[in-house]
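Only one structure is covered here, and it is reproduced in the block below.
Every value quoted in this text rests on a predicted model; they were computed, and no experiment measured them. Reckoned from all heavy atoms, side chains included, excluding hydrogens, waters and symmetry mates. Numbered from 1 within each chain, the chains take letters A, B, ... in sequence-line order.
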Amino acid sequence: MDFGLNEQQEMMQTLARDFLTGEYTDTVLKAMVKDEQGYTPELWQKLAKMNLTGLSIPEQYGGIGDFLDLIVVLGEMGRVCFLGPYFAALVLGASLVSEAGNEEQKRKYLPGIAEGKIKATLAVVESKAKYDIDEIESRAISQGGYYVLNGRKLFVLDAQSVDYIICAARVDDADVEQDGITLFIIDVNTPGVSIKALPTVAGDKQSEVVFENVKTSAKDILGEENEGWPYVERVLHRANIARCAEMVGMAEQVLKLTLDYAKERTAFGHPIGAFQSIQHRCADMLVDIDGSKFATYQAAWRLNQGLDAARETAIAKAFVSRACRRVMASAHQVHGAIGFTEDHILHYYTKRARAYESSFGGIDYHLGKLAGLK
Amino acid sequence: MDFGLNEQQEMMQTLARDFLTGEYTDTVLKAMVKDEQGYTPELWQKLAKMNLTGLSIPEQYGGIGDFLDLIVVLGEMGRVCFLGPYFAALVLGASLVSEAGNEEQKRKYLPGIAEGKIKATLAVVESKAKYDIDEIESRAISQGGYYVLNGRKLFVLDAQSVDYIICAARVDDADVEQDGITLFIIDVNTPGVSIKALPTVAGDKQSEVVFENVKTSAKDILGEENEGWPYVERVLHRANIARCAEMVGMAEQVLKLTLDYAKERTAFGHPIGAFQSIQHRCADMLVDIDGSKFATYQAAWRLNQGLDAARETAIAKAFVSRACRRVMASAHQVHGAIGFTEDHILHYYTKRARAYESSFGGIDYHLGKLAGLK
Amino acid sequence: MDFAFSPEEEAFRAQVAAFLEKEVPREYREKRITFFDMSAQSDWIQVHRSMAEKMGEKGWLSMHWPEKYGGRGVSPFYRLILREELARYHSPGYDSIGCGIVAPALLLKGSEVQKKRHLPGIASGKSMWCETLSEPNHGSDLAAIEVFAREEADCFVVNGQKIWTTNGHFADWNALIVRTDREASPNYRGLTFFLVDMKTPGITVNPVINMAGHHEFNEVFFEDVSIPKENIVGGLNKGFYVVMSLLDYERTTDTVYAIAATYLRDLEEYACDNDLLNPVLENRFAQFKAECEVARLLHYRCAWMQSQGMVPNHESAMSKMFSFELHQRISDFGMEVAGPYSQLTEESALAPMFGRISSCYLRSFAYSLEQGTSEIDRDVIAQRGLGLPRLR
Amino acid sequence: MDFAFSPEEEAFRAQVAAFLEKEVPREYREKRITFFDMSAQSDWIQVHRSMAEKMGEKGWLSMHWPEKYGGRGVSPFYRLILREELARYHSPGYDSIGCGIVAPALLLKGSEVQKKRHLPGIASGKSMWCETLSEPNHGSDLAAIEVFAREEADCFVVNGQKIWTTNGHFADWNALIVRTDREASPNYRGLTFFLVDMKTPGITVNPVINMAGHHEFNEVFFEDVSIPKENIVGGLNKGFYVVMSLLDYERTTDTVYAIAATYLRDLEEYACDNDLLNPVLENRFAQFKAECEVARLLHYRCAWMQSQGMVPNHESAMSKMFSFELHQRISDFGMEVAGPYSQLTEESALAPMFGRISSCYLRSFAYSLEQGTSEIDRDVIAQRGLGLPRLR
């Protein structure tokens with residue numbers, strides 16, 4: 001039993017924290033939220049130079065470190081409320097290719113991702129947005145050695161800044177009730193792919209992606225035909241844990257902001273942090289944050305060990321999401337009116353936390369998963 | 001719109017409060033909880049002399065006042081955590097006879113109840129304890145001008161101290177899915193009636209009542225054959241509202257105890273009631289209590305006016321029950337260890353409130369009713 | 001005990017409803033714009049003023065005032081009915097500050113001259129008001145107000161900055177509370193309440209955009225702003241008492257329970273129409289419905305007290321806090337109902353309820369802060385309502 | 001990062017489980033008696049002592065002590081595993097006070113003589129302990145202790161009353177904290193920590209029955225009770241520091257999360273077997289399961305800190321508070337699961353889970369009070385953990 005970080009994790013943490021605190025200031029964050037793509041190629045190059053774009057990619061494909069290192073870095077990204085296709089590229093794209101891809105595909109995509117030259121994302125949910133296999137109706141029809149793909153995907157992360165989209169679809173007459181799904185990796189520049197930004201509260205970059213008679217082939221299938229869903233499930237576990245890691249980092253930073261403010265702001269002749277109602281709120285924030293952190297680490301560790309993490313992932317996402325709601329609400333309550341203004345940095349965290357809560361399944365979704373595990 | 005009590009209600013309140021505070025001391029309460037019947041004939045006679053046993057019974061049968069007067073008195077009974085068959089006799093027995101009984105039945109029972117000489121209770125739920133019509137399986141088979149009743153009823157209030165039990169049953173081959181139920185008023189001394197006390201946390205007097213080949217007749221049917229359920233539903237509304245009134249009185253008294261203690265007990269050099277965490281708890285207790293009171297009064301008023309009160313009753317019972325939980329929990333938190341002892345009076349209220357919450361349908365039951373009303 | 005409106009009150013409600021059915025801009029009803037969300041509409045100020053004037057013409061903004069000042073002396077329940085219907089019909093037009101705070105203050109503490117000068121403008125819906133209390137360093141702690149007005153021959157001259165001034169960007173008049181005595185002890189005795197024409201030279205209003213991206217608040221800068229002495233309400237250095245009586249009023253003026261109930265109704269309708277309901281959500285909807293009803297009753301109690309000539313004090317803090325916190329919880333719940341769709345803003349055609357879910361959620365963070373924080377409310381309830389002692 | 005137990009630890013867990021499978025009285029397991037509920041069993045003290053001695057024989061009660069004092073120097077996770085299994089198997093036998101508080105205090109602050117005298121009794125399960133801190137007028141405010149021990153030649157003589165003494169009615173020894181200097185300023189500097197033989201003349205123990213009707217607490221009266229000076233732990237007038245370090249220990253000794261999780265498991269099993277589950281209850285069960293897991297991790301963090309030679313402080317307050325409050329909420333929830341049946345006591349054949357639902361509920365009211373109230377816990381977390389300032 002070890003609740004601490006090892007040397008490499010601590011190093012990654014320091015590296016990421018130093019870099020991000022210096023580079024990713026509040027001003028940058030505000031600009032990125034307004035920006036269409038939400039990141040700059042310069043920043044991406046810097047991340048690549050630091051090898052951060054290779055995290056959790058196998059060494060033979062130019063990567064470095066494991067999933068826990070990635071989780072530690074994502075926590076630091078949470079602290080600065082980082083925006084950009086890092087999550088999509090590493091947690092979704094790279095891990096799907098690593099897990100489901102054949103040798104040729106791995107060589108084609110992974111080194112490029114690790115070097116910061118390629119980015120890929122995943123398109124799963126459709127109109128129900130439920131992350132269940134039976135809502136997938138996109139369909140690829142084989143036709144003269146090719147497939148013609150049609151479908152409409154929603155809430156696709158960073159589709160506007162990636163090079164490839166991995167699309168979960170049915171093949172030919174695969175039955176929605178019984179048969180599996182197939183994963184196609186599609187170049188965004190293929191004719192028939194159209195991407196439309198979804199305006200969200202958090203200003204994070206989510207899109208509606210429509211595939212209209214998109215021509216693709218068996219070469220672009222990740223894993224076997226009809227056997228894609230187990231890969232999606234595993235990547236959804238990763239994605240949820242990674243979201244938790246970001247949310248924990250965000251909550252930690254928000255507690256820090258709150259404590260600073262509570263110690264400095266006075267009312268009725270005292271720093272407001274001396275009032276019991278404020279103290280008790282802050283105490284509960286810390287409990288929520290530490291509980292969230294360990295729940296996240298536990299799930300991440302299991303997954304990194306190759307153990308089943310379905311239960312731990314559901315627990316982490318359900319708990320962290322609710323804890324984050326409480327933390328954000330308390331932060332606003334302590335900050336008072338100033339935290340309610342657009343100029344203040346607090347609401348960037350609040351909004352993003354809510355976006356992350358609902359991505360890859362909300363609280364009730366995960367509680368349902370948990371209830372289903374006996 | 002009038003949120004106040006009228007002159008008669010205020011008079012009833014003062015009368016009841018003066019009498020009960022004098023008569024129903026903590027010592028009496030403790031003894032009654034231990035007592036098998038939970039009341040003394042002497043006390044009953046005093047209530048009768050004050051006409052309190054006639055409340056809400058029509059004047060022509062020796063009664064006095066209306067349902068609102070009864071509600072006001074029940075609130076005062078809540079304040080002293082009153083035990084005894086008053087609720088059963090007035091809210092259940094008398095009101096069912098008044099509503100469903102024919103002239104002869106009314107003359108037979110109501111004056112006796114008003115004079116304090118007769119008491120009747122209601123037996124509805126069986127093993128599912130759900131207060132839904134479809135759980136009733138007790139059955140009366142007609143046989144040579146009589147009915148032979150068999151069934152097992154649970155959580156029957158004060159069965160041990162009443163003279164009559166009104167039993168909800170099916171007649172002959174009445175179908176559980178489709179047909180109605182029939183109400184029989186049965187003398188407890190009829191051969192085949194057996195009553196067994198249910199040991200409850202609150203020490204309130206609830207029983208299991210078994211009818212084994214009990215001979216009864218058409219004369220003892222309240223209302224028409226197969227037409228009993230609407231009466232039961234109405235009396236369940238009354239009962240739930242009346243329970244709310246008692247719970248509000250209990251919560252008021254518990255807040256009083258809590259404030260007294262918070263003002264007197266010191267810690268760290270201050271009365272504990274000066275600490276913000278205690279103050280905020282107490283503030284929330286008051287909000288819960290006042291909200292509960294008005295929700296109860298509104299439902300009671302509608303019912304008293306002859307208006308439909310299904311929605312208001314569900315709202316009141318769901319809200320008051322949860323509010324009471326919070327009030328009791330806060331009272332214990334403020335009282336600290338002393339409130340956790342058997343000697344202290346607080347837990348009598350806590351336990352009873354929980355018993356009343358679950359009687360005639362718990363929170364989720366009433367929220368379900370509310371959700372079903374469009 | 002009587003939990004029904006009188007036939008006259010019901011008739012008034014029907015009259016208001018018929019009026020709103022006709023007058024409320026279709027877009028406001030279709031998009032289910034709630035009271036706290038209205039500043040986001042580009043035409044809001046214009047619609048707000050025009051609805052106010054229409055209601056003013058009907059005499060509805062002042063009908064509960066004494067006849068002497070143009071009212072009809074009806075009970076406060078008429079104002080409440082009006083505001084409930086406004087909430088139900090998603091209508092702008094009610095100036096919470098002018099009608100809800102300044103008018104009662106004038107009726108209570110204003111001179112005859114002040115009443116004659118200002119009440120007609122409020123009654124007609126033509127004068128809109130703002131209120132400047134808070135300062136950058138003092139939110140909840142009113143007595144700490146620093147902005148100072150120095151006395152001159154026939155006027156006071158104000159310099160300094162106020163903040164969180166709702167509607168300051170278009171209000172005609174301003175209820176200003178500033179310090180007029182720096183030596184006063186205790187310090188709350190040195191405050192004075194002024195009525196200030198917003199066109200007075202030296203006043204600058206800058207927008208403060210809120211986290212929902214909307215312009216509702218402002219900073220107001222005063223640079224040698226001179227205010228005639230006759231614009232003092234309630235006497236020199238007696239502003240604190242005026243404000244205290246106002247706060248109780250402010251807490252009863254917004255019918256937040258009705259706004260919350262309207263939103264809950266719309267939300268359930270949306271969930272129903274889109275087949276999103278399940279037993280868990282139904283259970284939560286029912287719980288919120290019960291609480292909305294309780295919020296309504298806690299508010300009615302205050303109106304009833306006023307109708308009896310009593311002054312609600314901690315009772316209004318209870319009602320205000322419960323309603324606002326409830327609305328906050330419902331707004332949070334709203335985000336669960338439509339899953340990931342909830343996060344879409346009104347700019348998206350896919351946004352549920354035209355983006356209302358996300359914007360109500362964002363706006364709700366202020367509900368436990370505005371008109372005094374929930375902490376202050378609980379302090380008031382505990383100390384004034386329950387007699388618990390202050391620390392030390 | 002490592003969230004698994006070592007193979008040795010797993011082997012130990014299996015060994016404990018096998019032992020408990022055999023030794024725990026059948027009735028305790030069948031009736032699912034939880035740790036906080038055990039005093040209700042008529043044979044509890046006897047079973048408690050006998051299980052303690054059996055575990056003592058195996059060396060399990062002291063295995064995490066240094067080898068010098070009879071331990072095996074293993075990590076605190078062994079104690080934790082032992083207690084988790086005890087919870088899972090509904091087993092009595094662990095003296096939270098002797099093993100959980102007094103032994104660490106002696107190891108930390110005791111003299112060699114005291115260690116030699118007292119540790120073997122604790123390790124063998126033969127000496128049972130109680131602790132007397134609280135007084136009728138002082139619960140949370142330790143520094144206000146009034147009971148006084150006056151110094152004589154070779155002993156101190158105590159007079160006065162203590163209260164809320166768990167297990168005082170059968171304990172062999174007592175950890176007593178009293179005032180030895182009435183002039184000390186600040187007043188917490190005048191307290192001393194004594195080890196007292198419960199057979200010393202002048203000690204009277206009276207039961208204090210709790211609201212569940214069970215005998216767990218006592219009042220303890222001291223009448224000219226003389227205590228040898230060599231029974232002082234940590235030095236004269238230094239008792240406060242001993243207690244403070246103990247409190248952090250006390251907060252980590254009970255594995256409340258495991259007791260709560262066991263109860264939740266039993267409850268769900270009951271609900272399942274009796275067809276009581278529905279989507280709403282399932283949702284709540286899942287939520288509680290997630291929280292039990294978090295409680296477990298917050299507790300493991302403290303054990304891990306101890307295993308690293310760190311001293312958990314506000315971390316143990318967090319773990320203790322979260323677990324106890326969670327168990328309280330689950331106990332409250334239990335009363336919903338079986339409807340009106342929940343209120344039946346174990347005397348009724350119809351009572352769900354042999355009456356466990358009602359008795360766990362009643363016992364749970366103390367969970368936010370014992371071992372320091374939740375208010376004190378939050379104060380500690382805010383002030384010691386987050387560095388927020390004290391008022392004044």
Side-chain angles (χ1 to χ4, degrees), chain A residues 1-6 9 68 71-72 255 258-259 262-263 270-276 278-288 290-295 297-302 304-305 307 311-312 314-320 322-323 363-364 366-374, chain D residues 1-6 9 75-77 80-81 268 272 277 279 281-305 307-308 310 314-315 317-319 321-322 325 374-375 377-392:
Chain A
M1 209 56 74
D2 182 0
F3 276 56
L5 302 185
N6 66 23
Q9 289 154 0
L68 290 180
I71 283 295
V72 165
L255 175 58
T258 303
L259 291 173
K263 286 171 188 172
H270 302 278
I272 59 170
F275 292 108
Q276 207 180 21
I278 304 287
Q279 293 203 347
H280 286 192
R281 269 192 186 277
C282 292
D284 285 334
M285 289 168 86
L286 185 62
V287 175
D288 271 332
D290 282 4
S292 293
K293 182 157 66 186
F294 302 135
Y297 280 180
Q298 173 173 258
W301 176 84
R302 285 189 68 88
N304 198 54
Q305 294 292 105
L307 301 167
R311 185 174 162 274
E312 288 73 16
I315 286 171
K317 189 76 188 309
F319 184 83
V320 175
R322 201 177 289 282
I363 294 174
D364 285 335
H366 286 286
L367 292 179
K369 292 269 173 210
L370 189 54
L373 297 165
K374 289 297 163 190
Chain D
M1 242 182 264
D2 183 354
F3 288 87
F5 288 101
S6 67
E9 288 164 337
S75 91
F77 280 102
L80 180 154
I81 290 168
E268 195 178 19
C272 225
L277 287 178
L281 288 184
E282 273 171 347
N283 183 275
R284 292 179 195 156
F285 265 115
Q287 175 67 33
F288 282 126
K289 271 188 238 173
E291 290 179 287
C292 279
E293 185 71 8
V294 168
R296 189 173 70 88
L297 293 167
L298 285 172
H299 190 91
Y300 281 22
R301 188 252 301 260
C302 296
W304 170 72
M305 286 179 74
S307 78
Q308 301 298 302
M310 296 182 264
H314 69 277
E315 294 90 348
M318 285 163 68
S319 157
M321 177 184 86
F322 188 81
E325 289 189 351
S374 288
E375 282 85 359
D377 292 327
R378 288 193 170 83
D379 288 349
V380 165
I381 298 165
Q383 291 167 18
R384 286 200 246 160
L386 298 173
L388 287 172
R390 283 166 180 273
L391 200 58
R392 267 151 326 134

Say you draw a straight line from [atom1] of [X] to [atom2] of [Y]; how long is it, rounded to the nearest 0.5 Å?
{"X": "A:Q276", "Y": "D:D379", "atom1": "CD", "atom2": "CG", "value": "5.0 Å"}
{"X": "D:L297", "Y": "A:D290", "atom1": "CG", "atom2": "CG", "value": "11.0 Å"}
{"X": "A:D2", "Y": "D:F3", "atom1": "CG", "atom2": "CZ", "value": "8.5 Å"}
{"X": "D:D2", "Y": "A:Q305", "atom1": "CG", "atom2": "CD", "value": "7.0 Å"}
{"X": "A:L286", "Y": "D:M318", "atom1": "CG", "atom2": "CE", "value": "4.0 Å"}
{"X": "D:F77", "Y": "A:M1", "atom1": "CZ", "atom2": "CE", "value": "5.5 Å"}

Pick whichever of [options] has the most heavy-atom pairs under 4.5 Å with chain D.
{"options": "A:C282, A:S292, A:A262, A:G273", "answer": "A:G273"}
{"options": "A:G368, A:A316, A:G4, A:A323", "answer": "A:G4"}
{"options": "A:D364, A:D284, A:N304", "answer": "A:D284"}
{"options": "A:L370, A:L373, A:L367", "answer": "A:L367"}

Task: Toward chain D, the part of A:L255 with a non-hydrogen atom under 4.5 Å - done: side chain

Task: Residue part contacting chain D, namely of A:R311, when any heavy atom lies under 4.5 Å - done: side chain

Task: Step-by-step side-chain contact (heavy atoms from CB on, under 4.5 Å) determination, D:M1 to A:N6 - done: CA-CA 7 Å; D:M1 242 182 264; A:N6 66 23; over 6 Å; no

Report the option among [options] that has the most heavy-atom pairs separated by less than 4.5 Å from atoms of chain A.
{"options": "D:R296, D:Q383, D:E291", "answer": "D:Q383"}
{"options": "D:Q287, D:R301, D:E282", "answer": "D:R301"}
{"options": "D:P389, D:A382, D:S307", "answer": "D:P389"}

Task: Minimum heavy-atom distance between A:H280 and D:R378, given as atom pair plus value - done: CD2-CB, 3.4 Å

- [ ] Would you please say whether a donor-acceptor pair under 3.5 Å links the side chains of A:Q298 and D:E293?
- [x] yes

Task: Counterpart residues, ring pair (Phe, Tyr, Trp, His ring centres under 6.0 Å), relative to A:Y297 (two or more places apart) - done: none

Task: Geometric class of the A:F319/D:F322 ring pair [parallel <30°, tilted 30-60°, perpendicular >60°] - done: perpendicular

Open item on the list: Any heavy-atom pair between the side chains of D:L386 and A:K263 that's under 4.5 Å?
Closed with: no

TODO: Let me know if D:Q308 has heavy atoms under 4.5 Å from chain A in its side chain, its backbone, both or neither.
DONE: neither

TODO: Kindly write out the residues that satisfy salt bridge (charged side-chain N to carboxylate O under 4.0 Å, His left out) with A:R322, not counting sequence neighbours, or none if the list is empty.
DONE: none

TODO: Evaluate the side-chain contact (heavy atoms from CB on, under 4.5 Å) criterion for residues D:M321 and A:V287: first the C-alpha distance (whole Å), next the side-chain angles of each, then the deciding distance (0.1 Å), finally the verdict.
DONE: CA-CA 9 Å; D:M321 177 184 86; A:V287 175; 3.8 Å; yes

- [ ] Establish, yes or no, whether a centroid distance under 6.0 Å links the rings of A:F294 and D:Y300.
- [x] no

